[in-house]
Amino acid sequence: MFGFKKKPKTFALSMPVTGKAEPLELVHDDVFSQKMLGDGFAAVPADGAVYSPIEAKVTSIFPTKHAISLMAVNNVEVLVHMGIDTVELNGDGIDVLVSEGQSVDSSTQLASIDLEKLSQAEKDPTVMVVFTNLADHDLSVDPGEHQHSEKLGELELK
């Protein structure tokens with residue numbers, strides 16, 4: 001009647017990299033595997049291109065380039081964390097391709113990771129996608145091999 005747009009309760013999730021999707025519990029870092037930052041999933045990259053897992057807006061790019069924060073509708077906060085302990089590289093090996101305030105979707109490449117550089121530094125390149133502010137929700141992700149930007153699952157708010 002007033003033209004208010006109903007906000008979605010279900011969000012399509014896309015694979016952020018070409019590679020293997022895994023449950024967050026398999027990540028070799030307790031902060032992620034024990035879901036201290038929130039629920040989510042992991043993606044082991046076969047190449048260095050990292051895409052947005054959800055339609056959102058870039059809200060923050062960490063100075064060390066290892067993580068990008070996104071905000072989807074309904075104030076769903078998404079952390080795209082590239083690699084384990086990559087903060088120690090102080091941005092070396094990660095090239096961020098977006099800017100704060102930019103709207104992104106699954107076709108938007110967020111960053112490029114130099115997998116060889118991470119390997120030389122003995123850093124795990126796994127990309128973690130974490131929903132940092134969810135209460136009651138269902139998250140379903142199809143584990144296994146996927147292409148970047150391919151539909152991976154859904155996030156449903158309750």
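Below, all heavy atoms of this structure are taken into account, side chains as well, without hydrogens, waters or symmetry copies.
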Mind checking whether [X] and [Y] have side chains closer than 4.5 Å, heavy atoms only?
X      : Y     : value
Leu70  : Thr59 : no
Pro53  : Val80 : yes
Met128 : Leu37 : no

Single-linkage hydrophobic cluster, 4.5 Å side-chain cutoff, [X] and [Y] together:
X      : Y      : result
Val130 : Ile54  : no
Ile61  : Leu110 : yes
Ile68  : Leu152 : yes
Val50  : Val141 : yes
Val87  : Met36  : no

Glu55 CD: over 12 foreign heavy atoms closer than 6.0 Å: no

Glu122 CD: over 12 foreign heavy atoms closer than 6.0 Å: no

Which atoms form the tightest heavy-atom contact between [X] and [Y], and what is the distance?
X      : Y      : answer
Ala42  : Thr126 : CB-CG2, 3.8 Å
Ser60  : Glu100 : CA-OE2, 3.7 Å
Ala43  : Pro45  : O-CD, 3.3 Å
Pro16  : Phe41  : CD-CE1, 3.8 Å
Gln147 : Met15  : O-CB, 3.4 Å
Leu115 : Pro125 : CD2-CB, 3.6 Å

May I have the list of side-chain donor-acceptor pairs in residues 89-96 shorter than 3.5 Å, sequence neighbours left out?
{"unit_1": "Asp92", "atom_1": "OD1", "unit_2": "Lys117", "atom_2": "NZ", "d": "3.2"}

Quick one: pull up [atom1] in [X] and [atom2] in [Y] and give me the separation to the nearest 0.5 Å.
X      : Y      : atom1 : atom2 : value
Leu13  : Phe131 : CG    : CZ    : 4.5 Å
Ser103 : Lys57  : OG    : NZ    : 4.5 Å
Phe32  : Leu79  : CZ    : CG    : 6.0 Å
Leu157 : Leu139 : CG    : CG    : 11.0 Å
Leu97  : Tyr51  : CG    : OH    : 9.0 Å
Asp124 : Asp85  : CG    : CG    : 9.0 Å

Step-by-step side chain to side chain contact (heavy atoms under 4.5 Å, CB included) determination, Val17 to Ile113: CA-CA 11 Å; Val17 300; Ile113 302 171; 6.0 Å; no

Side chain to side chain contact (heavy atoms under 4.5 Å, CB included) evaluation trace for Gln120 with Leu118: CA-CA 5 Å; Gln120 291 171 355; Leu118 265 62; over 6 Å; no

Pair His148-Gln109, side chain to side chain contact (heavy atoms under 4.5 Å, CB included): steps then yes or no: CA-CA 10 Å; His148 75 76; Gln109 186 175 351; over 6 Å; no

Pairs involving residues 37-52, ordered by first then second residue, that meet salt bridge (charged side-chain N to carboxylate O under 4.0 Å, His left out) (sequence neighbours left out): Lys35-Asp39

Test item: Ser33 side-chain N/O and His28 main-chain N/O as donor-acceptor pair under 3.5 Å: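 Side chain of Ser33 to backbone of His28: no pair is present.
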
Pairs involving residues 149-158, ordered by first then second residue, that meet side-chain hydrogen bond (donor to acceptor under 3.5 Å, both in side chains) (sequence neighbours left out): Asp138-Lys158, His146-Glu150, Lys151-Glu154

